[in-house]
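First the structure, in the form of structure tokens, and then the observations on it.
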There are 2 protein chains.
Amino acid sequence: MAASTLTEVARLAGVSPATASRVLNGSARKPGPDIADRVRQAADSLGYIPNAQAQGLAKSSSGLIGLIVHDIADPYFAAIARGVQEAAREQRRMVLLATTGGAPAEEKEAVAAFAARRADSIVIAGSRSAQPENQEGNAELAAELDRYCRNGGRVAVVGHAVVGATAPEGYHVVAVPNEELAAALARQLASGWDGDFVIIGGPEGLFTSDDRIRGFQEGLASAGRKPAKVLRTSFNRAGGYEAGLTLAHRVKAGQAESADEPAASKLCIFAVNDVMAIGAAAALREQGLRIPRDATIAGFDDIETLRDFRPALSTVRLPLEEIGRLATRATAPGAAGTDRDGEESAGSAEEGHDAGRQQRISGEVTLRRSTETAT
Amino acid sequence: MAASTLTEVARLAGVSPATASRVLNGSARKPGPDIADRVRQAADSLGYIPNAQAQGLAKSSSGLIGLIVHDIADPYFAAIARGVQEAAREQRRMVLLATTGGAPAEEKEAVAAFAARRADSIVIAGSRSAQPENQEGNAELAAELDRYCRNGGRVAVVGHAVVGATAPEGYHVVAVPNEELAAALARQLASGWDGDFVIIGGPEGLFTSDDRIRGFQEGLASAGRKPAKVLRTSFNRAGGYEAGLTLAHRVKAGQAESADEPAASKLCIFAVNDVMAIGAAAALREQGLRIPRDATIAGFDDIETLRDFRPALSTVRLPLEEIGRLATRATAPGAAGTDRDGEESAGSAEEGHDAGRQQRISGEVTLRRSTETAT
DNA sequence: CTGAATCGGGAAAGCGCATTCCCACTACCT
DNA sequence: AGGTAGTGGGAATGCGCTTTCCCGATTCAG
């Protein structure tokens, strides 16, 4: 990767490198127009492209923003990534991508790598977890993040704060009201259905999953319903599918038992994310069960690609792209700092409540065909 | 973004920066074990993280690989991105992401930005196009790429070669046999259906779309069938939806005309990608038409997220992730260069034929429910 | 036991750029 | 006219690291 340098351009234009620098890359001092022209001409006759590494080194700031996701092919993360990318472009910065599969140890690696590249800020998407096997990893991640922030880096994490991070200067959280929204979903579902509920959740300790489960149960309780049983499985389609099989058997057994009263064995299933819901639905269908006839099902996230799924999936719409944008903007140089953060822009943003560094977004319960209890 | 420097570490360890460098970042020369220990201890007591910018500047290579996609939230690109990311990790490099919406002008910007960051290589995914309004943009993109390669950069483009690129050293193409596969799909569809075919294509000039259309027509011809009508629309879900509406009206008009012979008005629709097919299917469904009863439909790509769509979509499976991996590996430092490129690894890879810099991948026609012509 | 070869470490020169400091010069004010 | 402020340019320094070159200390062969 050799290329022509500023010095070469300067020589060709017959000026000093300092002058060339001033004209080519914005500086407070504007050289005379004639000289500027000469330099510019020299520059593009040489096909000069400034070396961002050198620039970064000289002014210690890289124009890079690091994005950490579990899996970029997961539509949830892809949507967030789009928002991040968009905001990054606004700020004329580039995004560095890291995928970690959700393991804190890997996330720590990624943060270190970003720090090494002197990324100006880091956006971490993807559920935090408190699983015991991740404890050490979480601690290390937190330490790494703290160090990064102490060195002037800015961090935004989507969802929950990183466990153990001491929320230093420059640390932001874009909080997703999983609990409230899940509760709202539960209440709405409860108003149209008075049978049993079942929850398909992710592994215990995964905050996003746990919050949604807790919220759903609370919503159920506030509607005067008994708590739903919870099936723990993995936080992806395969997990949903597996749980779906289990539930299918349960439903079918129920149907066989009380053939006279088929509705009695019907279930309303809440899967803690759309992808799991789709997996579960596939399993049910394979077992000959129809949705919403034999069971109703709802998800969470409102993944765009899944909107054409039939029956249309009831879910909670999350402004994923907006979340990405918000998180990114929160880490922008001029963005809301330590103190007061007045109007955080964006219609769906609400005032934070935690030390002013937190930002909440909102979602919307979206009932569709998959939970219609036909009459 | 300040942080402790090598010099500080060196001072703390009581050695010269040169020595510290040698122990901390691999070098041919291995300092003595006692010294190495001292340095390492100093390093992590200081929380030293090497400055990749400075390293890059010094050895002029950045460990960065640039990825250009139309839209990271599009599952097609997301899948490729996952492959790229995976391969990048193998090579211990990081990926820089740029999304361009497919505009050559933007792509040129992205290449320039990557060049500025001194990315070691660039992977361009996303259809090339020959539309007249893009002509200038294409030329500039080609020029930019040429320059990048001349400066030692390595490029891999997925699908078609960039129009006008002079295929310099370091320029690779991962060719997708769109034409052959579309032809195969057409032949298979033709063997089970003897009515009319319609193609929903992208805008004229988009290579991927044009190739698939051409291939499909060829396949039809080789099966002794007359060419399909082609509807041009945009290369995304919205386009598919729009075309779907048009077709729905056509089908319904046909049904009304020959009520006695409903099958006569039935259509087999080939949408040039899955997302468009889904859009079209949604439109048909909204118009009260059922698939595959009133019309059959096939797509292309076999997007993973769409596999749960009902009726299951017939399509052509493309190893998207593998494509990403292959493209990335092709640009790896040690990878197949100008000359012979023996065993390109990967089961689905076949021997290139074009000057040894081309690499072909293979796909597979996958017929599912959406094109079942029930009896 | 001596000369050459080797090893292990440090000094120093960049990598490409931004930026501070400095200097020559012009314009302006009194 | 003398002085000052202001202006436009260049020289030089440093960002943090790698790498060549160099030098003293060992080691080995003869």
Side-chain angles (χ1 to χ4, degrees), chain A residues 1-40 42-43 46-64 112-113 115-120 151-152, chain B residues 1-40 42-43 46-64 115-120 151-152:
Chain A
M1 284 307 325
S4 47
T5 74
L6 226 210
T7 314
E8 288 170 27
V9 173
R11 187 163 34 216
L12 181 60
V15 301
S16 80
T19 305
S21 169
R22 292 197 259 255
V23 18
L24 294 181
N25 320 346
S27 155
R29 291 180 47 177
K30 299 282 168 211
D34 44 342
I35 293 218
D37 272 1
R38 275 222 314 278
V39 172
R40 254 184 289 272
L46 250 50
Y48 170 71
I49 296 186
N51 185 328
Q53 310 220 65
Q55 292 189 152
L57 187 54
K59 32 183 201 191
S60 65
S61 115
S62 61
L64 251 28
R117 301 232 125 84
R118 297 303 186 260
D120 299 330
N151 288 337
Chain B
M1 286 303 329
S4 47
T5 74
L6 225 210
T7 313
E8 288 170 26
V9 173
R11 186 164 32 216
L12 181 61
V15 301
S16 79
T19 305
S21 169
R22 292 196 260 257
V23 19
L24 293 181
N25 320 345
S27 157
R29 289 180 49 177
K30 297 283 167 212
D34 45 342
I35 293 218
D37 272 0
R38 273 221 316 279
V39 171
R40 253 185 289 271
L46 252 50
Y48 170 71
I49 296 185
N51 185 326
Q53 309 219 68
Q55 291 189 151
L57 187 54
K59 29 184 204 191
S60 65
S61 113
S62 60
L64 251 27
R117 301 234 127 82
R118 298 303 187 260
D120 299 330
N151 288 338

Item to complete: Find the distance B:Leu6:CG to D:dT18:C1' and express it as a whole number of Å.
Response: 9 Å
Worksheet item: Roughly, in whole Å, what's the span from CZ in B:Arg11 to P in D:dC17?
Response: 12 Å
Fill in: Results of side chain to side chain donor-acceptor pair (under 3.5 Å) for B:Ser21 - residues two or more places apart only
none
Item to complete: Using a cut-off of strictly less than 4.0 Å, decide whether B:Asn25 has a side-chain nitrogen or oxygen near OP1 or OP2 of D:dC17.
Response: no
Worksheet item: What is the distance, rounded to the nearest whole Å, between atom CG of B:Leu57 and atom P of C:dA18?
Response: 12 Å
Distance-only donor-acceptor hits, side chain of residues 32-40 of chain B, under 3.5 Å, sequence neighbours excluded:
| from | atom 1 | to | atom 2 | distance (Å) |
| --- | --- | --- | --- | --- |
| B:Arg38 | NE | B:Ala13 | O | 2.9 |
| B:Arg38 | NH2 | B:Ala13 | O | 3.1 |

Worksheet item: Taking only residues two or more places apart in sequence or in another chain, which ones pass side chain to side chain donor-acceptor pair (under 3.5 Å) with B:Ser62?
Response: none
Worksheet item: When the distance from CG of A:Leu24 to P of C:dA18 is rounded to whole Å, what number comes out?
Response: 9 Å
Worksheet, complete the sentence: Per the under-4.0 Å heavy-atom filter, residues of residues 46-56 of chain B near DNA chain C come out as none
Worksheet item: Closer than 4.0 Å, any side-chain N/O of A:Ser60 to the OP1 or OP2 of D:dC15?
Response: no
Item to complete: Nearest whole angstrom, please: distance from the C1' of C:dC17 to the CZ of B:Arg117.
Response: 14 Å
Worksheet item: Residues in side chain to side chain donor-acceptor pair (under 3.5 Å) with B:Thr7, at least two apart?
Response: none
Worksheet item: Among the nucleotides C:dT19, C:dC15, D:dG14, which one has an atom lying closest to any side-chain atom of A:Ser21?
Response: C:dT19
Which atom pairs link the protein and nucleotides 10-13 of chain C when you take only N or O atoms and keep those under 3.5 Å?
| from | atom 1 | to | atom 2 | distance (Å) |
| --- | --- | --- | --- | --- |
| C:dG10 | OP1 | B:Ser16 | N | 3.3 |
| C:dG10 | OP2 | B:Ser16 | N | 3.1 |
| C:dG10 | OP2 | B:Ser16 | OG | 3.0 |
| C:dG10 | OP2 | B:Thr19 | OG1 | 2.3 |
| C:dG10 | N7 | B:Arg22 | NH2 | 2.9 |
| C:dG10 | O6 | B:Arg22 | NH2 | 3.2 |

